[in-house]
Amino acid sequence: MSNWIINHGLSAFILVVWMGINIFLFVYYYLFYDQGPQFEYTRELLGSALPWARAPAAVLNFNCMLILLPVCRNLLSLLRGSFICCGRTMRKQLDKNLTFHKLVAYMIALMTAVHTVAHLLNVEWYTNSFQGRYGPLPENLSMLDDSRELNTTYLNPIRSNSTTPTLFVFTTIAGLTGVVITLALILMITSSMEVIRRSYFEVFWYTHHLFIIFFAGLVFHGAGRIVRSQQVTDPPHNNSFCEDQPENWGKIPECPIPQFAGGFPQTWMWVIGPMIIYLCERLLRFIRYMQPVSYRKIVIRPSKVLELQLVKPGFKMEVGQYVFLNCPAISQLEWHPFTMTSAPEEDFFSVHIRSVGDWTEKLIKMVENLPEGGQGPKMAVDGPFGTASEDVFDYEVSMLVGAGIGVTPFASILKSIWYKFKDSDPKLRTNRIYFYWLCRETYAFEWFADLLQVLEKETEERGMRDFLTYKLYLTGWDQSHVNHAMVHFDKDTDIITGLKQKTHYGRPNWDKEFEQVRQENPS
Ligand SMILES: Cc1cc2nc3c(=O)[nH]c(=O)nc-3n(C[C@H](O)[C@H](O)[C@H](O)COP(=O)(O)OP(=O)(O)OC[C@H]3O[C@@H](n4cnc5c(N)ncnc54)[C@H](O)[C@@H]3O)c2cc1C
Ligand SMILES: NC(=O)C1=CN([C@@H]2O[C@H](COP(=O)(O)OP(=O)(O)OC[C@H]3O[C@@H](n4cnc5c(N)ncnc54)[C@H](OP(=O)(O)O)[C@@H]3O)[C@@H](O)[C@H]2O)C=CC1
Ligand code: HEM
C-alpha cells in the first residue's frame with residue numbers, strides 16, 4: 001500500500017479533486033436551474049431539459065479551461081523546473097500530462113453529448129410552447145415579445161410559427177456555433193484514437209488543430225443569451241392573481257408584467273486565460289524554430305539509426321529529457337520527439353533517430369546523401385522537455401531497462417555517470433547500476449557498445465567492477481546465433497558486442513533478475 005501511495009497517491013488525489021469539482025459544478029448548477037425562482041417561468045416552457053442543459057455547460061466551462069494546460073509543454077517545463085521544492089513526485093506527475101489531457105477531453109465529450117441533446121429538446125419544447133401545446137401559461141409566456149411601448153420582454157426565443165427547430169439551430173449564434181463546436185470535437189476525438197495516432201499520426205495531428213475552431217466557437221457560443229430568466233421574482237409572480245391570468249399582468253399591482261433577460265455569456269472568461277498561455281506556447285515554439293542549430297557530427301549507425309550531434313546556443317539539458325525536432329525540408333509543421341543521448345556535461349546534445357516511418361526515413365535519406373563533412377538540413381529544436389531522470393543519481397542502486405531505441409534515455413544517464421566519475425562528482429550517490437538492454441537485432445547493440453566499453457574500462461581501473469552490471473538481451477535470435485556463440489564461448493569478449501559481459505538470448509526472467517538484485521543489495 002505504501003508503494004502504491006508513493007507511486008500513485010498524487011495522481012489519485014488529483015483525479016479525486018478534479019472529479020469532485022466536476023460533480024460539484026454539475027449538482028450545484030442542476031439545482032440552480034431546477035429550483036431557482038428566476039427560472040420558474042423558463043421551466044414552464046422547458047421542464048427539466050433546462051437544468052440538464054445548463055449543468056453540463058458549467059462542467060464544460062471548467063474542462064475547456066483545463067484542456068489546453070496539459071499540452072503547454074513549456075509551461076510544464078517551467079513548473080517542473082520550479083518544483084525543486086516539491087521534488088520528484090510532483091515533477092513525475094507532470095509527465096502524466098497527456099493522460100490528464102485525454103481524461104479532460106473525454107469529460108468534454110460526455111458533457112457535450114448531454115448538453116447537446118438537452119438543448120435540442122429545449123428547442124423542441126420552445127417550439128411546442130409557442131404553438132400552445134403545453135397549455136395557456138407556456139403559450140402566454142411565449143407570446144411576450146420585446147416591446148418598449150408595452151414594457152414587455154420575450155422569454156421564448158421562438159417567436160413565429162415559421163421558425164422550425166432546424167431553422168432555429170442554423171440561424172442563431174448558439175445553434176450555429178454549437179453545431180461547429182460539436183463537429184470539430186467529433187473529428188478531433190475520433191482522429192485521436194490510439195489506432196489512428198499510431199498509424200496515421202499526421203491525420204491525428206492536423207485534425208487536432210480543429211481545436212482552433214473549437215475554441216473560436218466556444219467563445220461566441222453563449223453570445224446569443226438564449227436561456228432567459230425572470231428579472232424580478234419578489235414578490236413571486238406565481239400567485240393566484242398572476243399565474244393563469246395573463247390578462248391581469250400589468251393591470252393590478254400584485255401582478256406586474258414578468259420581465260426576462262438572457263444571462264451574461266461566461267465561457268470566454270473560463271477559457272481566455274489558457275488560450276493566452278497556449279498562444280504564448282506556440283509563439284515560443286516559433287521563436288525556437290527561428291533559432292540557429294548547427295551540426296557538430298552526423299553518424300549513420302547500424303539498424304537504420306542516425307546519430308545527430310547538434311549545437312544550439314544557450315541550450316541546457318538534464319539526463320533523460322527529450323526535444324522536438326522540426327526539419328522544414330521535410331515538413332514545416334511536423335515536430336517529432338527524440339530523447340537526448342548526450343550527457344548534460346557535454347557542450348552539444350545528441351539524438352539517436354531510428355527510421356520507423358516517413359519523417360525519420362526522409363531525414364535519414366537526406367543525411368545519407370550528404371557530401372563528406374556536409375552540414376545536414378536546417379533543423380529546428382524545441383525543448384528540452386520531460387522530467388529529467390536525474391533522480392537515478394539519488395538512489396544507491398538503480399535498475400535501468402531499455403528496449404530497442406528506447407534505450408536512449410539510459411545512454412544519456414550512463415554517459416553522465418561517466419562524466420561524474422571522471423570529475424569525482426560528490427553528488428553521485430549511486431554506487432550500483434544494473435542496466436538491461438533488449439534488442440531484436442544484433443547490430444542495434446553497436447549504437448552504444450562503445451559507451452559501455454568505456455564505462456567497463458573506467459570502472460575496472462577504479463576498482464569498481466561491481467558498479468555497473470549490464471545485461472544485453474538479443475531477443476530476435478535464431479540457431480545460427482547460438483551456434484556462433486557456442487563456437488566462441490571461450491573468448492574473453494562477447495562475439496556480438498565485443499564487450500566482456502556475454503549477450504543473453506531471449507527476454508530476461510525478471511523474477512530471477514529482481515531476486516539477484518535483491519540478494520546483492522540486502523540493505
Ligand atoms: C517522448 C518520446 C521520445 C522518443 N525518443 C525517440 C528516440 O530517442 N529515438 C527514436 O528513434 N524515436 C524516439 N521516439 C519515437 C519517435 O518520435 C518516432 O519514431 C517518430 O516521431 C516517428 O516519425 P515517423 O513519421 O518517421 O513515423 P510514423 O510512421 O509517422 O510514426 C511511427 C510512430 O511514431 C509516432 N509518431 C509519429 N510522429 C510523431 C510525433 N510527431 N510525435 C509523437 N509521436 C509520433 C506514431 O504515433 C507512430 O506510433 C520517441 C517518442 C516519444 C514520444
Ligand atoms: N521514452 C523514451 O524516452 C523513448 C521511447 N522510445 C520508444 O521505444 C520503443 C522502441 O522501439 P524499437 O526500437 O522499434 O524497439 P524494437 O521493437 O526494435 O525492440 C523492442 C525490444 O523490446 C523487447 N520487448 C518488447 N516488449 C517486451 C516485454 N513486454 N518484455 C520484455 N521485452 C520486451 C522486444 O523483444 P521481442 O523481440 O521478444 O519482442 C525487443 O527486443 C518505441 O516505441 C519508441 O517510441 C524510443 C526512444 C526514447
Ligand atoms: C476538446 C478536445 C480536445 C482539445 C481542445 C485538444 C487540444 C489539444 C491541443 C491544443 C494540443 C497541443 C498541440 C501542440 O501544441 O502540441 C493537443 C495535443 C494532444 N492531444 Fe488533444 N485535444 C482534445 C482531445 C484529445 C483527445 C480526445 C485525445 C486522445 C484520446 C487527445 C490527445 C492528444 C495528444 C496525444 C496530444 C499530444 C500530441 C503531441 O504533442 O505529440 N486530445 N490537444
Side-chain angles (χ1 to χ4, degrees), residues 26 29-58 60 111-147 150 152-183 221-233 236-250 255-263 265:
F26 191 94
Y29 280 96
Y30 187 91
L31 297 175
F32 179 72
Y33 285 94
D34 190 48
Q35 291 164 18
Q38 66 277 44
F39 296 104
E40 176 79 26
Y41 279 152
T42 318
R43 286 192 294 272
E44 278 297 331
L45 277 59
L46 304 179
S48 61
L50 173 69
W52 275 106
R54 302 300 295 162
L60 282 166
M111 290 296 126
T112 301
V114 178
H115 177 75
T116 306
V117 169
H119 265 318
L120 288 176
L121 289 173
N122 282 337
V123 175
E124 194 64 29
W125 292 182
Y126 273 136
T127 312
N128 296 345
S129 300
F130 184 81
Q131 291 166 359
R133 292 193 202 164
Y134 296 149
L137 182 58
E139 188 177 5
N140 292 319
L141 286 165
S142 301
M143 290 308 128
L144 288 171
D145 205 339
D146 276 0
S147 152
L150 302 174
T152 58
T153 50
Y154 76 88
L155 170 60
N156 188 335
I158 291 192
R159 303 209 291 289
S160 105
N161 275 318
S162 60
T163 310
T164 63
T166 316
L167 186 68
F168 180 82
V169 166
F170 286 97
T171 53
T172 55
I173 296 175
L176 213 49
T177 53
V179 169
V180 167
I181 294 172
T182 308
L183 278 180
H221 188 48
R225 304 188 186 209
I226 284 202
V227 176
R228 297 170 71 84
S229 62
Q230 197 176 343
Q231 297 308 292
V232 175
T233 53
H237 205 266
N238 56 352
N239 54 36
S240 53
F241 289 107
C242 305
E243 197 153 286
D244 302 334
Q245 297 163 44
E247 60 282 5
N248 288 338
W249 291 356
C255 195
I257 298 173
Q259 299 297 329
F260 301 97

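- For V179, the side chain to side chain contact (heavy atoms under 4.5 Å, CB included) partners at least two apart in sequence or on another chain are V169, F170, L183.
- Every residue meeting the side chain to side chain contact (heavy atoms under 4.5 Å, CB included) condition with P157, not counting sequence neighbours, appears here in chain and number order: Y126, Y154, F168, I226.
- The salt bridge (charged side-chain N to carboxylate O under 4.0 Å, His left out) test applied to R159 returns D145, not counting sequence neighbours.
- With sequence neighbours excluded, the residues forming a salt bridge (charged side-chain N to carboxylate O under 4.0 Å, His left out) with R43 are E40, listed by chain and number.
- Judged by distance alone, the side chain of T42 and the main-chain N or O of R228 form a donor-acceptor pair under 3.5 Å.
- Residue pairs meeting the salt bridge (charged side-chain N to carboxylate O under 4.0 Å, His left out) criterion with at least one member in residues 119-139, sequence neighbours excluded, do not occur.
- In terms of the side-chain hydrogen bond (donor to acceptor under 3.5 Å, both in side chains) criterion, residue partners of S160 (sequence neighbours excluded) are, by chain and number, S162, T163.
- The shortest non-hydrogen separation linking P258 to L144 is CG-CD1, 4.1 Å.
- Residues satisfying the side-chain hydrogen bond (donor to acceptor under 3.5 Å, both in side chains) criterion with H221, sequence neighbours excluded, are T177.
- Under the 30°/60° scheme for interplanar angles, the aromatic rings of F26 and Y30 are found to lie parallel.
- By the side chain to side chain contact (heavy atoms under 4.5 Å, CB included) test, T182 pairs with T112, T116, I186, sequence neighbours left out.
- At least one side-chain heavy atom of Y41 sits less than 4.5 Å from a side-chain heavy atom of L137.
- In this structure, the side-chain hydrogen bond (donor to acceptor under 3.5 Å, both in side chains) partners of S142, at least two apart in sequence or on a different chain, are N156.
- Partners of L167 under the side chain to side chain contact (heavy atoms under 4.5 Å, CB included) rule, at least two apart in sequence or in another chain, are T164, T171.
- Using a 30° and 60° split on the angle between ring planes, F39 and Y33 fall in the tilted class, from 30° to 60°.
- Not counting sequence neighbours, Y134 has no partner by the ring-ring contact (aromatic ring centres under 6.0 Å, His included) test.
- Scanning for side-chain hydrogen bond (donor to acceptor under 3.5 Å, both in side chains) contacts around W125 gives an empty result, with sequence neighbours left out.
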